[in-house]
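Take a look at the structure below.
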Amino acid sequence: MNAHDRNLGANDLAKLHYGDGDYAVLRPGRYVLCALTGQKIPLEQLRYWSAELQEAYAGPAEALKRWQESRG
């Protein structure tokens, strides 16, 4: 199996530990889910997450929304 296979199954959901500038893979997979939208985020496209909340976000808008919610 390689990164170009298109049959994404349940086993492809990765589990990560989010740090301040990087993340550690706890269970290998191809993607994580956005905490707000449920959208699949391929690991190679993952750019936004919260180390404090241990959540991934699809993009900057979702990350900002969650940050605002957690502060208010």
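Remember, predicted model here, so these are calculated numbers, not experimental data.
- Listed here is the closest heavy atom pair of Ala58 and Cys34: N-SG, 3.3 Å.
- Grouping Ile, Leu, Val, Met, Phe, Trp and Tyr residues whose side-chain heavy atoms lie under 4.5 Å apart, directly or via other members, places Tyr57 in a hydrophobic cluster with Tyr48, Leu53.
- The other residues sharing a hydrophobic cluster with Leu16 are Tyr18, Tyr23, Val25, Val32, Ile41, Leu43, Leu46, Trp49, where clustering joins ILVMFWY side chains under 4.5 Å apart.
- Judged as a side chain to side chain contact (heavy atoms under 4.5 Å, CB included), and not counting sequence neighbours, the contacts of Gln68 are Leu64.
- Every side chain to side chain contact (heavy atoms under 4.5 Å, CB included) that Gln45 has, sequence neighbours left out, goes to Pro42.
- Under the side chain to side chain donor-acceptor pair (under 3.5 Å) criterion, Glu69 pairs with Arg66, not counting sequence neighbours.
- Taking CG from Leu13 and NZ from Lys40, the interatomic distance works out to 9.0 Å, rounded to the nearest 0.5 Å.
- Within the structure, salt bridge (Lys or Arg N to Asp or Glu O under 4.0 Å) contacts touching residues 13-23 (residues at least two apart or in different chains) do not occur.
- The backbone N or O of Trp67 lies less than 3.5 Å from a partner atom in the side chain of Ser70, making a donor-acceptor pair.
- Residues passing the salt bridge (charged side-chain N to carboxylate O under 4.0 Å, His left out) test with Arg27, sequence neighbours excluded: none.
- A salt bridge is absent between Glu55 and Lys65: the closest approach of a Lys/Arg side-chain nitrogen to an acidic carboxylate oxygen does not fall below 4.0 angstrom.
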